[in-house]
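In what follows, a single structure is set out as structure tokens and then discussed.
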Amino acid sequence: MFDRVWANASLATMDGPADAPLGLIEDGAVAARGGRIAWVGPRRALPGPAGETIDCGGAWILPGLIDCHTHLVFGGNRAAEFEQRLEGATYEQIARAGGGIFSTVRATRAASEAELLESAAPRLLGLMAEGVTTVEIKSGYGLDLASEMKMLRVVRRLGAGHPVEVVTSLLAAHAVPPDCPGGADAYTDFVVREAIPIAAASGLADAVDAFCERIAFSPAQTARVFEAARQAGLPVKLHADQLCDLDGAALAARFGALSADHLEHANPEGLRAMAAAGSVAVLLPGATYFLREAKQPDIAAMREAGLRLALSTDMNPGSSPARSLLLMLNLGCTLFRLTVAEALLGVTRHAAAALGLGDRGVLRPGLRADLALFRVGRPAELCYWMAGNPCIGRVVAGR
């Protein structure tokens, strides 16, 4: 007997062949047992009884959505800086006046765990309301040991306090704090010798991320961070080639990174190396839109390389204050010209791969029963509408 069956629904399983990857099933059903999917298929072929049957009223069922790149926990916001930029202030002027990323660092360091939890919860709840069942949240606005660990503890508390799976990434190598004597090399020493070992030993980090750019950490410094992560038994991710081509994509591939994210300036050789290594390309159209960037990821080269493409909010206070994953579906299609199938795979199957989670992102027997139900006429509507929320329910591990 099944624990629960969701019937009278159409399914987008994300498990179809290359020429029809959405794996559509009209008038289908999903059955769960023990928190796992036990059966998927046409309703007329449903085998056996269920303890409970939910009539979905013709809704579409997708795998639970996954936001695989966020900076959801932070202190304060940068709306005042946004206003200043619109009035003509430059980034350099704002930074000299104490703005930019270090204004967020100061606010995050000053905030208590309770204050960070209180401010982050509505952002998480907004994603959940759109059908998100798994979300990745990074540190990176502490830039000292106490504050980085504080952020990660808050992320763990968010996951424990809400019906959603939360994955953590230690992004201590996000920026070089101005109060660090010795500059980038000395701060890299801190990340390698203290932040990563302590985050790993305490169980607070599921992965290690870094920002490899001329304004942040060099490829050599990033490699040191990744070597330390490898020694600590943690997988790596990389903010790569967003502002310039530092061969970040190839660096991510060399370390078998789960993903390389942004990639606006990545070269074709690096993209091919990523594909060969199995790394996922995470596209972040919210940052492209908000920063009004002219340079966009080379989607044609990514397709030619055979890269899996994921899509995420990059929710953060400085470059992508995006609180809607559904909006990212539209921006991914309109700005980057993704197909509907690419966009929807990017927030399900490929987003799961970007987090190293092989147990979700697809409606398939044996995987987690994470579902998102939408009142739409066809899946393309999730990419078409620019506002509104058609999600009518979520299922997390069968519940």
Under the 3.5 angstrom rule, does the side chain of Glu264 hit a backbone N or O of Pro297 as a donor-acceptor pair?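 Side chain of Glu264 to backbone of Pro297, a donor-acceptor pair under 3.5 Å: no, none is there.
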Any donor-acceptor N/O pair, Glu130 side chain to Leu325 backbone, under 3.5 Å: yes
Salt bridge check, [Y] against [X]: does any charged N sit closer than 4.0 Å to a carboxylate O?
X      : Y      : value
Glu136 : Lys237 : no
Glu227 : Arg224 : no
Glu269 : Arg272 : yes

Restricting to ring pair (Phe, Tyr, Trp, His ring centres under 6.0 Å), what partner residues turn up for His174, sequence neighbours left out?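 Ring pair (Phe, Tyr, Trp, His ring centres under 6.0 Å) list for His174, sorted by chain: His71, Tyr141.
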List in chain and number order the residues that pass ring pair (Phe, Tyr, Trp, His ring centres under 6.0 Å) with Phe190, two or more places apart in sequence or in another chain; answer none if no residue qualifies.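 Ring pair (Phe, Tyr, Trp, His ring centres under 6.0 Å) list for Phe190, sorted by chain: Tyr187.
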Would Asp314 and His69 count as having a side-chain donor-acceptor pair, cut-off 3.5 Å?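 Asp314 vs His69: donor-acceptor pair found between side chains.
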Carefully, step by step, assess Asp206 and Arg156 under the rule side-chain contact (heavy atoms from CB on, under 4.5 Å). CA-CA 11 Å; Asp206 298 315; Arg156 288 290 192 225; 3.0 Å; yes
Identify which one of Val176, Leu246, Val225 satisfies the side chain to side chain contact (heavy atoms under 4.5 Å, CB included) criterion when paired with Phe217.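 By the side chain to side chain contact (heavy atoms under 4.5 Å, CB included) criterion, Phe217 pairs with just one of Val176, Leu246, Val225: Val176.
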Row check, Phe74 ring normal vs Arg123 NZ/CZ: under 6.0 Å, within 45°: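 Because its charged atom sits under 6.0 Å from the ring centre and within 45° of the axis, Arg123 does stack over Phe74.
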Quiz: residues 40-56 side-chain donor-acceptor pairs under 3.5 angstrom, not counting sequence neighbours:
| unit_1 | atom_1 | unit_2 | atom_2 | d |
| --- | --- | --- | --- | --- |
| Arg43 | NE | Asp27 | OD1 | 3.0 |
| Arg43 | NH2 | Asp27 | OD1 | 3.0 |
| Glu52 | OE1 | Arg4 | NE | 2.8 |
| Asp55 | OD1 | Asn8 | ND2 | 2.8 |
| Asp55 | OD1 | Gly57 | N | 2.8 |

